[in-house]
Every structure is written in C-alpha cells, then in structure tokens.
Amino acid sequence: MYQFSIPVPVEFSYDRCIEFLLRSPKEILHSVADGKVYKAILLKDFVALTEVGFSNRQIMVTVLNAGPDFKDHFIIEEYISQWFDLYTDLKPFYAMAQNDKLLSQLVDQFYGYRIVGQPDLFESLAWAVIGQQINLSFAYTLKQRFVESFGYKQVAQDKTFYLFPTPEEVARLNDVDLLPLQFSKQKSKYVVEIAKAFVNQEVSKESIAKLSFEEAKQKLMSIKGVGNWTANYALMKTFRYPNAFPLEDAGVHNAIKNLKRMKTKPTLDQVSRVFKKYKGWEAYATLYLWKSL
DNA sequence: CGCCAGGTTAGAG
DNA sequence: CTCTAACATGGC
C-alpha cells in the first residue's frame, strides 16, 4: 500500500463531511467504517482503492492496492482535494453569514462543513438528472440499481468498491435497459443523451473548465435534460463555483419556508430576493440551508 | 389516498 | 420573457 497526507484549512470539519457521506444507507460509490471512507478512484489505467481518514488536521490517504513506488498519488490528492472542496477559502463566507439572520446559527452549528462534491462531471450530471423531481430516497435507489447494473465492481479487503458507469457504457443504453430499473422514459432519455454528449466530445470537464461561469452554464444547458437547476448543481459540485445557485431547488425552498416560518413555500422571486444577500456565495448558502432540513 | 419530491421541456400567451 | 401542462413513480 501507499500512504500520504493532505493538510486541510482551519475552516474544515472532517466529521461534518463524513456526516454528509453517511446520509443514505443506499450510497454505493463509497462506504464509511470506523471514521474512514473507502472509495474507488479511476486513474488512467488503474482503479485506486483508497481509504481516507483524518488525524492531526490532515487527511490521511491510503491507496490499498498500490506499492510504495506508486507514482500517481498526486492525481488522487487532487481528486480528494476537489472532492472535499479544500481549495475554497471560507473566511469571507463566514464573515458574511455571521451577520445573516437565516445563516448565522447554521454556520455556527455546522462550522467547517464543506460542499462534498463530485470531481467527475459525468457522474455529477447523471446523478443530478437521476435526482430530478423525485425524493432523495428513491433517487438513491435508482442510483444503486444504475451503478450495480452498469458500473465497475471490485471486492477487496472485505469491502465492495464501485465506479460510476462511464459515458461510453451509458451511451450504448436505451429505454429497454433503464425502464426495468424504474427510470422514467424521460430520465432514461436524458441520462443517455448526456452520455452521448461526452462520447461525441461535445462536452468534457476539461473543455468546460476553460469557459467563464456563464458560458459554462449555457454549454451545460445546451444538453437536453440539463436545465438551470442541474447546470448549477454541476457548477457547484464539480467546478466549485461558490456562486453557483440551483434556484429551483425544492430543498432550498423548504429551508427558507421553515426558517422564516412561512405558511407556504416562497416563490422563485422571493427566493431570489433572499439570496441577493449571499451574492458570490450562493453555493455555500445553499449548502447550509440544505443542512437545516 | 393525496401531496410532494434536490426539475425539464415544449408550447402558448 | 413568463406561465402551464405533461412527464412518472416512490415515499410518507
């Protein structure tokens, strides 16, 4: 095995991020045991089976199936840094949120909680589409079936590691494959459309990373099935824009309704008005509002 | 049984 | 540009 560590910012709580990783028992792309996370990470010609722990303010990484001469550890370091959003400086966000009625208590209570994301763009978009307009529990059921059916599986050291299906694999699918998993026709079509966009090289993480925020959003929304909510979800979870904002998100609406003790959910216009205060930090405001639910 | 869920699209006004 | 119906199925 091969071990290395990653230092973390002061404003980082490993425990809060683990809480998020534990939010569904049906999660299949990682497992948590004894405070450690187990996840398969795809490199160019190697599936790294990693164990992630935390001590002395450092993320401790063990690549279970690599030798001491392992050369690609920096790729895994980059992946994990993106996964836990270690590059974002949260000081300005906390300074703003401390004085905000809706957020002050939340940022105090969940200090150091970061947007645990998806460094893989296809996974991010496909997962967002899977979660469109259905409850989270059912969304995890669909994801579990999808990954078990079309993803990569490897068992090692008593644990099962899965990789999300690749665009190449998903581009070959259609209704006949996905309807039995209880995807709707619409969801099935969208997921395959997205996969094809990757295979056609119409979109890729690298090419979209070069664009501006607005251009990236438009590019993502040009894919059928990717609307404003999904595009912003990916901009937040994959590209790490702190100003990405899924305006239509039902969770955000419910959080505002609860915190402001409203009788009904706010209109999109009211949500926009609330978020005016969070300009530049919409993604993190969203995260902490979600956490309030 | 009814309402809602981490929405999107196409079409009408 | 904004509003609406249709999509579609489980969770509670």
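What you see is a predicted model, and the numbers here were worked out from it, not measured in a lab. So that the names make sense, note that chain A is the first sequence line, chain B the second, and so on, each numbered from 1.
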Check: A:Lys189 main-chain N/O paired with A:Lys224 side-chain donor or acceptor under 3.5 Å:
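No, A:Lys224 side chain to A:Lys189 backbone: no donor-acceptor pair under 3.5 Å.
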Using a heavy-atom cut-off of under 4.0 Å over every strand shown, decide if [X] touches base, sugar-phosphate, or nothing.
| X | answer |
| --- | --- |
| A:Thr230 | sugar-phosphate |
| A:Ile223 | sugar-phosphate |
| A:Val129 | nothing |
| A:Lys185 | sugar-phosphate |
| A:Asn232 | nothing |
| A:Gln186 | base |
| A:Lys189 | nothing |

Distance alone, cut at 3.5 Å: any donor-acceptor contact between the side chains of [X] and [Y]?
| X | Y | result |
| --- | --- | --- |
| A:Thr62 | A:Gln3 | yes |
| A:Glu27 | A:Ser24 | no |
| A:Asp100 | A:Tyr288 | no |

With heavy atoms of chain A within less than 4.0 Å as the criterion, where does contact along DNA chain C begin and end?
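Here the contact window of chain A covers C:dC7 to C:dG11.
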Check the distance between [N]'s [atom2] and [X]'s [atom1] and give it to me in whole angstrom.
| X | N | atom1 | atom2 | answer |
| --- | --- | --- | --- | --- |
| A:Ile134 | B:dT8 | CD1 | P | 13 Å |
| A:Gln133 | B:dT9 | CD | C1' | 13 Å |
| A:Trp229 | B:dT9 | CH2 | P | 13 Å |
| A:Asn135 | B:dG2 | CG | P | 19 Å |
| A:Lys265 | B:dG7 | NZ | P | 8 Å |
| A:Gln132 | B:dA5 | CD | P | 15 Å |

Given that A:Ala128 and A:Lys224 both sit by DNA chain B, which one's nearest nucleotide is further toward the 5' end?
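Counting from the 5' end, the first nearest nucleotide belongs to A:Ala128.
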Working to the nearest 0.5 Å, report the span between CD of A:Gln154 and CG of A:Leu49.
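Taking CD in A:Gln154 and CG in A:Leu49, the distance rounds to 4.5 Å.
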Check the orientation of A:Phe275 and A:Tyr278. Use parallel for under 30°, tilted for 30 to 60°, and perpendicular for over 60°.
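Rings of A:Phe275 and A:Tyr278: perpendicular, over 60°.
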Ring-face cation contact, A:Trp127 with A:Lys237, 6.0 Å cut, 45° max:
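So A:Lys237 doesn't make the cation-pi contact.
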